[in-house]
Number of protein chains: 4
Amino acid sequence: MEITNEAKTYTKGGKPASYIPELALQSVEQFAACIVDQNGNYFEVGNIEAQFTLQSISKVINFIVACEYHGLQFVLDKVDVEPTAPGKPFNPMINAGAITIALMLPGESVKDRVDYVVDFLNRITDSPHQINEAVYRFEIETTHRNRAIAYYLKANDYLLCDVEEAVETYIRLCSLEVSTKDFAKIGLMLAGNGVHPLTNEKLITPKTAKITKALMTTCGLYNASGKYAASIGIPMKSGVSGSVLCTVSNGKVEHLKGKLGIGVYSPGIDDIGNSVAGMKFIEKLSQAYDLSIF
Amino acid sequence: MEITNEAKTYTKGGKPASYIPELALQSVEQFAACIVDQNGNYFEVGNIEAQFTLQSISKVINFIVACEYHGLQFVLDKVDVEPTAPGKPFNPMINAGAITIALMLPGESVKDRVDYVVDFLNRITDSPHQINEAVYRFEIETTHRNRAIAYYLKANDYLLCDVEEAVETYIRLCSLEVSTKDFAKIGLMLAGNGVHPLTNEKLITPKTAKITKALMTTCGLYNASGKYAASIGIPMKSGVSGSVLCTVSNGKVEHLKGKLGIGVYSPGIDDIGNSVAGMKFIEKLSQAYDLSIF
Amino acid sequence: MEITNEAKTYTKGGKPASYIPELALQSVEQFAACIVDQNGNYFEVGNIEAQFTLQSISKVINFIVACEYHGLQFVLDKVDVEPTAPGKPFNPMINAGAITIALMLPGESVKDRVDYVVDFLNRITDSPHQINEAVYRFEIETTHRNRAIAYYLKANDYLLCDVEEAVETYIRLCSLEVSTKDFAKIGLMLAGNGVHPLTNEKLITPKTAKITKALMTTCGLYNASGKYAASIGIPMKSGVSGSVLCTVSNGKVEHLKGKLGIGVYSPGIDDIGNSVAGMKFIEKLSQAYDLSIF
Amino acid sequence: MEITNEAKTYTKGGKPASYIPELALQSVEQFAACIVDQNGNYFEVGNIEAQFTLQSISKVINFIVACEYHGLQFVLDKVDVEPTAPGKPFNPMINAGAITIALMLPGESVKDRVDYVVDFLNRITDSPHQINEAVYRFEIETTHRNRAIAYYLKANDYLLCDVEEAVETYIRLCSLEVSTKDFAKIGLMLAGNGVHPLTNEKLITPKTAKITKALMTTCGLYNASGKYAASIGIPMKSGVSGSVLCTVSNGKVEHLKGKLGIGVYSPGIDDIGNSVAGMKFIEKLSQAYDLSIF
């Protein structure tokens with residue numbers, strides 16, 4: 001595909017996240033993309049089974065699980081979905097909100113909570129997932145910023161449980177290994193508003209699917225969310241491992257028609273935290289196949 | 001329509017904007033809605049020719065005009081489209097950005113700039129528009145907050161022209177009289193990505209149309225933008241006169257199929273500034289006819 | 001005096017305030033200092049009659065006049081004296097507070113208010129004062145930041161009068177011409193807690209004198225107030241014209257004993273806005289004669 | 001003393017700090033004050049040997065120790081002494097600065113650092129001091145806000161050591177038991193600019209003493225520092241245990257002449273964190289004996 005070749009020329013435009021040794025060691029030349037359509041056709045670039053850690057994209061999965069378990073209203077009473085509201089940074093796509101959400105995951109212990117999410121992920125993707133313990137061990141030692149946020153939340157009575165438990169749960173889920181193929185399946189499920197288009201299994205409610213896509217659109221790409229909403233117009237979420245999860249509801253052009261799920265991985269990220277080649281690929285794809293929701 | 005009847009029960013849930021006498025005098029019981037589809041069918045509720053002032057919705061029109069005149073890149077070099085970026089509140093849907101945009105309107109004087117926008121509006125809506133001078137005179141005297149912003153911009157070298165000229169231009173355009181029918185036509189033109197679906201005239205570029213819809217989605221409803229993106233999922237912009245302009249690209253259900261433009265007016269607004277009955281109407285409509293982009 | 005010679009070597013370390021042409025034209029080599037003790041002895045360096053504009057030091061004079069006219073409690077109900085309180089920047093030594101204070105000056109018009117302050121100043125200094133109209137005309141045209149603040153205050157109902165009147169009053173008083181000899185007399189009056197040590201005339205109440213000195217100590221030197229409180233320990237207020245007004249209550253060493261008033265002028269200022277040679281002179285003087293209140 | 005009787009009527013105007021059980025249990029009716037003058041005369045009210053924990057007043061002691069050990073410049077390169085500077089809350093009298101200072105205390109372990117400060121305190125006060133282990137154990141478990149600050153500092157590379165070590169050091173020193181008599185001695189030493197007026201021993205440098213008094217004046221009483229600088233004008237620092245340490249350099253009136261050190265204790269505090277009866281006592285004393293530095 002011409003788009004792929006063009007995107008690949010950007011792989012060296014970014015650098016792997018330097019603060020986690022396991023990520024820093026990744027070759028920036030890697031590039032993988034997986035697209036699945038509603039008929040089960042896969043479009044593959046590179047090694048779509050290559051494993052990388054979820055990082056911030058865990059925010060999306062955790063938010064879905066929390067909403068499904070507690071109901072949307074319970075969750076929205078505790079976090080805020082405004083991108084602009086001053087003084088309330090509890091958006092689930094931003095760390096303070098994400099840590100609050102981590103504590104709403106079902107279970108009484110870190111293990112319970114993590115297992116619950118892994119089971120959910122296994123079910124959507126039809127494949128087992130495990131924690132990258134090396135990444136976890138490093139991140140749990142060094143995640144000072146998340147601990148600062150968690151203690152701030154605790155000091156202000158927003159965290160009802162132990163701080164360390166909140167941070168461990170959140171970081172373990174950031175360390176879950178996934179592939180672009182997994183992302184494509186998750187994206188396709190969101191495109192189907194919770195009904196898996198291939199199996200017809202109802203995995204989550206349409207309401208949860210829609211609010212998740214709205215949050216991905218307004219806040220999914222760190223401080224470049226607005227820019228990419230304008231230029232790409234696809235609900236997506238990125239992580240510092242260099243991966244992006246996209247969901248498309250209305251492909252209009254032959255070959256990429258109807259509902260699509262897309263996963264991209266290229267470890268070189270820009271200063272804001274988004275995969276350079278990954279974003280370039282999605283931008284070209286959106287423009288070539290008119291995938292924008294706008 | 002059942003939806004209309006239900007929405008109308010909410011008209012008394014809000015109060016007209018109290019700080020502008022002309023608005024404060026409006027009866028809260030008013031309710032008008034106009035939907036136009038791509039085949040030119042109109043769906044009407046109440047008096048769809050009833051006039052009200054543009055207020056904040058002028059931000060959308062001005063942004064479109066500035067982008068078309070200068071090119072997108074020129075405009076984006078001067079304002080910021082991030083909803084979340086801290087310390088850069090120059091989003092064109094927020095007052096600081098909107099005042100900056102007002103100064104990019106073509107022309108050398110307040111009159112030139114206002115005339116240019118009115119001409120553009122006349123062309124989209126096929127009807128003449130004029131300033132409500134009573135509203136203008138009151139607002140220009142009392143718009144202390146906009147003057148504070150304009151002087152702040154001037155002090156930081158963001159405003160290249162005279163402050164008073166910037167404020168006058170902005171406020172005159174807030175005082176332009178429009179109807180829900182006008183909004184429906186504008187919304188339909190945006191749904192068509194700039195090509196008027198009825199006349200096939202190319203009014204603006206697809207790029208400008210798409211970024212405008214992205215901005216409306218992330219920032220169109222003041223500090224309730226995120227909430228409504230999740231529950232309604234339609235690009236829209238509200239004004240304190242109690243009006244809302246919506247644009248729908250992909251109506252999927254019989255009767256409201258394909259591209260749609262929607263205008264709603266009901267002067268009772270909530271604390272955040274959005275029309276109470278208007279938002280209720282749009283929410284019901286979106287749910288009943290599956291109009292969400294998500 | 002050795003101290004003077006040392007201080008003078010610093011005159012070229014700063015630059016005159018560039019944003020006001022009249023100030024920008026001043027030769028940085030100017031240096032004048034006047035000290036008066038409680039027995040009426042004057043210590044003079046350079047031309048102590050040289051005129052410069054009050055600028056920010058008008059904040060001190062206006063605050064005193066407002067407190068004397070309305071009583072301390074009335075004023076403190078409207079402005080805040082905390083240097084650290086977050087979200088309440090209404091300290092009278094900072095522009096928002098100073099503009100609020102300008103409106104509390106006795107009189108119904110700009111002229112009335114300015115005349116009242118000039119009369120008060122004439123009485124303390126036994127000499128007439130007038131506005132530098134060239135400085136005033138320039139500043140009133142370009143003081144965008146003060147107008148932004150004034151409109152912000154107006155928008156939040158803190159300013160009860162016309163914004164333009166507030167700004168004109170404030171700027172006219174910034175443009176009053178004074179000399180280091182005037183400052184020495186004002187400083188001596190404050191050292192005497194309102195009783196003029198030479199004439200024994202009671203000019204202001206001890207309460208007003210003390211709170212003024214406290215404010216000068218915590219907030220008198222822009223964002224270097226804390227640093228100079230530690231290293232110099234003298235209540236003082238600086239202005240961007242390169243002048244400083246100091247008040248010393250307890251000179252302990254022969255020659256500079258008891259109460260003192262000090263005025264210094266050297267137009268080269270640093271990035272923060274304080275006279276480079278002026279501050280150096282005061283620092284050396286404080287250390288040599290043990291003038292710190294700490 | 002009439003002042004004491006009047007101040008005592010205010011003991012019930014405050015409440016003991018509720019978040020630490022040991023403090024919450026204190027009877028609000030307690031009132032003790034100790035004044036020592038430069039001739040060694042003690043003025044006593046209540047039980048001046050009564051023990052309470054240092055709490056925030058440890059910030060003063062730690063700052064002095066750090067300055068003496070490393071030299072003033074080293075410390076000032078790492079913390080900021082401005083009360084007003086925006087975005088730099090590293091003032092040593094405020095928690096972020098105080099935690100940074102705690103890590104500059106000499107020693108390689110928590111125990112070393114605490115012992116060093118205790119030795120210093122023993123030397124000034126001629127009496128042994130120990131940690132209140134019950135208070136320490138409770139605070140170390142619940143000090144979420146300080147941990148949030150410490151992790152924030154660590155995340156931004158301001159803390160060079162282990163976060164837990166920083167927090168433990170800081171909290172252990174907050175839990176040190178002292179008496180109003182101890183405070184009087186420390187205050188007298190500061191009044192003497194580091195030379196103990198009774199023993200003539202040189203305990204700290206004049207520079208450290210002066211900057212400490214400046215910081216106490218601008219930031220010693222939480223968000224009421226400016227108000228009390230104006231109404232009382234004595235360098236002092238308060239703690240949530242309801243205690244206040246004051247230092248007076250220039251008592252002018254018979255009975256309270258020359259240098260004085262003052263300690264006050266009354267556990268009922270106001271919303272801001274200052275002892276209600278304690279502050280009332282100091283205010284009356286300052287006015288009756290003209291103790292203000294202003």
Side-chain angles (χ1 to χ4, degrees), chain A residues 63 67 72-73 75-76 79-94 97 190-191 193-194 206-235 247-250 252 272 286-287 290-294, chain B residues 63 67 72-73 75-76 79-94 97 190-191 193-194 206-235 247-250 252 272 286-287 290-294:
Chain A
F63 177 70
C67 290
L72 205 51
Q73 202 50 56
V75 173
L76 296 186
V79 294
D80 193 315
V81 297
E82 289 317 307
T84 50
K88 287 209 240 166
F90 287 74
N91 188 302
M93 294 302 120
I94 291 173
L190 285 169
N193 277 330
K207 275 203 168 179
T208 296
K210 286 184 182 203
I211 193 170
T212 302
K213 289 186 279 186
L215 279 171
M216 291 165 79
T217 304
T218 54
C219 310
L221 298 160
Y222 308 108
N223 281 337
S225 304
K227 174 183 138 190
Y228 287 126
S231 69
I232 301 185
I234 294 177
T247 176
V248 173
S249 303
N250 60 336
K252 304 170 206 76
I272 290 173
S286 173
Q287 287 164 3
D290 193 12
L291 303 180
S292 172
I293 53 176
F294 300 118
Chain B
F63 177 70
C67 290
L72 204 51
Q73 201 50 56
V75 174
L76 296 185
V79 294
D80 192 317
V81 297
E82 289 315 307
T84 52
K88 287 209 240 167
F90 287 74
N91 188 303
M93 295 301 121
I94 292 173
L190 285 169
N193 277 329
K207 274 204 170 177
T208 296
K210 285 184 182 205
I211 193 171
T212 302
K213 288 186 278 184
L215 279 170
M216 291 165 79
T217 304
T218 55
C219 311
L221 299 160
Y222 307 109
N223 282 337
S225 304
K227 175 183 137 191
Y228 287 126
S231 69
I232 300 184
I234 293 177
T247 175
V248 173
S249 305
N250 60 336
K252 304 171 208 73
I272 290 172
S286 173
Q287 286 164 3
D290 193 12
L291 303 179
S292 173
I293 53 176
F294 300 118

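Naming convention: chains lettered A, B, ... in sequence-line order (proteins, then strands); numbering from 1 in each chain.
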Quick check on the interface: out of A:N250, A:L215, A:I211, A:T247, who has the most heavy-atom pairs with chain B under 4.5 Å?
A:I211
Which residue pairs satisfy the salt bridge (Lys or Arg N to Asp or Glu O under 4.0 Å) criterion with at least one member in residues 209-220 of chain A, sequence neighbours excluded?
A:K210-B:D290
For A:F294 and B:I293, which heavy atoms make the closest approach, and how far apart are they?
CE2-CD1, 3.7 Å
Suppose a student defines contact as a heavy atom less than 4.5 Å from any heavy atom of chain B. Which residues in residues 226-233 of chain A would they list?
A:G226, A:K227, A:A229, A:A230
Report the residues that fulfil side-chain hydrogen bond (donor to acceptor under 3.5 Å, both in side chains) with A:T208, sequence neighbours left out, ordered by chain and then residue number.
A:E68, A:T205
